[in-house]
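Right, one structure below, let's go through it.
Computed over heavy atoms, backbone and side chain alike; hydrogens, waters and symmetry mates excluded. Chain letters run A, B, ... following the sequence lines, proteins first, then strands; residues in each count from 1.
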Protein chains: 2
Amino acid sequence: MVTLKDIAEKAGVSSMTVSRVMNGKTGTVSQQTSERIKKIAQEMGYVPNSSARALASRSSRLIAALLQEYDEERNPLEDSYTSCFLGELALQIKKEGYDLMLHYVKDYSEITYSLKSWNVAGAVFIGMFDESIRKLQEDNHIPLIFTDSYSSVRSITNVGIDDYRGGELAAEYFLKNGHRNVAFYGPEALDNGVVMHRLRGFVSVLRKAGISLPQENFINLGVKDLGGELVRLCSGENPVTGIFTTADNCAYQVYSEAYRKGLRIPGDLSVIGFDDLSMSELVTPPLTTVRQDIKKKALVTCELLMKNINTADRPAENIVLNVSLSERKSVQKL
Amino acid sequence: MVTLKDIAEKAGVSSMTVSRVMNGKTGTVSQQTSERIKKIAQEMGYVPNSSARALASRSSRLIAALLQEYDEERNPLEDSYTSCFLGELALQIKKEGYDLMLHYVKDYSEITYSLKSWNVAGAVFIGMFDESIRKLQEDNHIPLIFTDSYSSVRSITNVGIDDYRGGELAAEYFLKNGHRNVAFYGPEALDNGVVMHRLRGFVSVLRKAGISLPQENFINLGVKDLGGELVRLCSGENPVTGIFTTADNCAYQVYSEAYRKGLRIPGDLSVIGFDDLSMSELVTPPLTTVRQDIKKKALVTCELLMKNINTADRPAENIVLNVSLSERKSVQKL
DNA sequence: TTGTAAGCGTTATCAA
DNA sequence: TTGATAACGCTTACAA
């Protein structure tokens, strides 16, 4: 391993001088020696030791990305939204010259542990961490950026999207296409801010049009027999004609079950998703869905993170990105 | 920040004693003091400083996952195979008590840099790194696990699958179902061992059955008008009836373009994919595909990594996992 | 069973 | 513009 000292000896200077050069502290070292040292470092294949750096400077160029680990059987990155966001984030963070650590967390204690143990410069939370936010902020005095949080904690730096508006867009589009009896498919909304807001926006527009969403038109994510539920919805004297899902992933399930039951999309059932994952363009029929710009979200997240790392005491900031409707082929005009 | 010294002072012992307790060096510290120290550490919220550890011990409990970064516009984790594998790997690595660092790499120098700078204990390469393997091994004397490599370097630790057999399975299934004129869709095979082996296996079975794959039945991944190509294949006097794609992702594209062109799957064109991503069960019709067990692959990778970390000088080992055919609905019996 | 001392590679601080 | 020195928090090696 090549150290500053090795280079210093070869160059006939002190290791401090080398350190200064390696850190680009221009103006403090003469052009000449600077050039010379750079050349020697290059030749010797010098790689700075980040651990030593972190130890001495009490900070590291390291960002932690924290993902919720539900249970050990479930792979968090199998969710395309999550992996897409993480992938974009990693790209941005690399551009900023930081390294990225990936952490799955199950309970609160793991989070603080991992952040502290590596002296990370900042952290990005992907998924639901609402309950622990207050404590996290108290225990970790580094920039923490949350995403899609609807925590009641007010002083929180968050990047989210206009979920409510997304729900409205879906409902408006259904109405515009003549649908009057629609359904919703997603996880229990009560404990999930994202889902709840999407649902509320959806319902609010319907209500204004004099349409209510009866209990039996909610299908819960955990349902055993999704196909059966779809068939039930689409039959009877007042059949459902459209279903809004809280995520594209859910829409794909609907597609699959509808196919198995012989329900045509959009002929028998129209579908609107949420996210606009790349797969949504590819499914048959292409999915009409509420689009969020995941790439931009990652970019904004990273920008915010860097700002917070570089300037102390920035005020909490909650950024809400726009959504739009990607109109494709999964909704029928009635 | 709570340090060993802080605990030591409170407990009235030296920091070495605390260090021993924190590292579980049982037998070297009396039960009594051990218990007492543990309690104090707990109370004070002690978190070991990994940087200091890494520096002092010249090793870290850190694994690097390296992903190929093709260009800055392309998100490596948008590929479901990659994100799925990474996700499973992260799960396993966490179970082993290691932390995971995610690195995108464009060229060789970045790799060694990131490995050395953090003193990582081992690294997993996801994607094509064939050209740099030799140099990587020379420069980094830590366990390096490659995946899906067909490098000509013989002493390499690799976890892959039987790509050739996968190609055979696809061809056999086509033949069994009466298909005699088939096509292939994927990237240029020449520089990609994985694709090449899948293709070779495919072709070999066809050849044994007296069937050849003419040049015009190869569709290149980068083609501008995939839909047009499909239409071309499926028309004429001797139309293609089945297409084998080198990855499920490619099959999804075929689905999409076929749909746009009014080609029915499997009515007009049968499709066989490769990977068996979770989406393949959900598409319409469900995709018949060569299955690889990504979870197992990640598990084996992690096991191999740990073995290599814990015991020096293990011989190179190339593990080849089985593939199988997931028979679904995208191939028609002729 | 416990402690002392040195050192890991770097940066911060002060002095020259 | 440069250098000496003392940390940073921990582990290794050895001594008691």
(request) Could you tell me whether A/Glu73 and B/Lys295 have a side-chain N and a carboxylate O separated by less than 4.0 Å? (result) yes
(message) Taking the nucleotide of DNA chain C with the nearest heavy atom to each, does A/Ser50 or B/Ser15 sit closer to the 5' end?
(response) B/Ser15
(request) Take atom CE of A/Met16 and atom C1' of D/dA4, then tell me their distance rounded to the nearest Å. (result) 10 Å
(request) Would you tell me if any nitrogen or oxygen in the side chain of B/Ser51 comes within less than 4.0 Å of OP1 or OP2 on D/dC8? (result) no
(request) Fit a plane to each ring of B/Trp118 and A/Trp118, take the angle between them on a 0 to 90° scale, and name the class: parallel (under 30°), tilted (30 to 60°) or perpendicular (over 60°). (result) perpendicular
(request) Provide the closest heavy-atom pair for A/Ser60 versus A/Asn119 in the form atom of the first, atom of the second, distance. (result) OG-O, 2.8 Å
(message) Expressed as a whole number of angstroms, how long is the span from A/Leu4:CG to C/dC8:C1'?
(response) 13 Å
(message) Please tell me if B/Thr33 has a side-chain N or O lying less than 4.0 Å from either OP1 or OP2 of C/dT2.
(response) yes
(request) Mind calculating the distance between NZ (A/Lys5) and P (C/dC8) to the nearest angstrom? (result) 7 Å
(message) Any side-chain N or O of B/Ser14 below 4.0 angstrom from OP1/OP2 of C/dG3?
(response) yes
(message) Angle between ring planes, B/Tyr81 versus B/Phe85, binned at 30° and 60°: parallel, tilted or perpendicular?
(response) parallel
(message) Could you tell me how far apart A/Ile37 (CD1) and D/dT1 (P) are, to the nearest whole angstrom?
(response) 13 Å
(request) Among the candidates C/dA5, D/dG3, D/dC8, find the nucleotide nearest to the side-chain atoms of A/Arg20. (result) D/dG3
(request) Using a cut-off of strictly less than 4.0 Å, decide whether B/Ser30 has a side-chain nitrogen or oxygen near OP1 or OP2 of C/dT2. (result) yes
(message) From the set C/dG3, D/dC10, C/dT2, return the single nucleotide nearest to any side-chain atom of B/Val29.
(response) C/dT2
(request) Examine C/dC8: is either OP1 or OP2 under 4.0 Å from a nitrogen or oxygen in the side chain of A/Asn49? Give yes or no. (result) no
(message) Is the phosphate of C/dT11 approached by A/Arg53 (side-chain N or O, under 4.0 Å from OP1 or OP2)?
(response) yes
(request) Round to the nearest Å and state the distance from A/Trp118 atom CH2 to D/dG9 atom C1'. (result) 13 Å
(request) Would you kindly give the CZ-to-C1' distance between A/Arg58 and C/dA12, to the nearest whole Å? (result) 8 Å
(message) Is it the case that the side chain of B/Lys94 and the backbone of A/Tyr104 share a donor-acceptor pair, with hydrogens and angles ignored and the cut-off at 3.5 Å?
(response) yes
(message) If you compare every side-chain N and O of B/Ser19 against the phosphate oxygens of D/dC10 (OP1, OP2), does one of them come in below 4.0 Å?
(response) no
(request) Return the value, rounded to whole Å, for the distance between atom CG of A/Asn119 and atom P of D/dG9. (result) 9 Å
(request) Grab the NZ-P distance between B/Lys116 and C/dG9 for me, whole Å please. (result) 13 Å
(message) Reading DNA chain C from 5' onward, which residue's closest nucleotide shows up sooner: B/Gln31 or A/Ala52?
(response) B/Gln31
(request) Look at the side chain of B/Ala56 and decide which nucleotide, out of C/dG3, D/dG9, C/dT2, has an atom nearest to it. (result) D/dG9
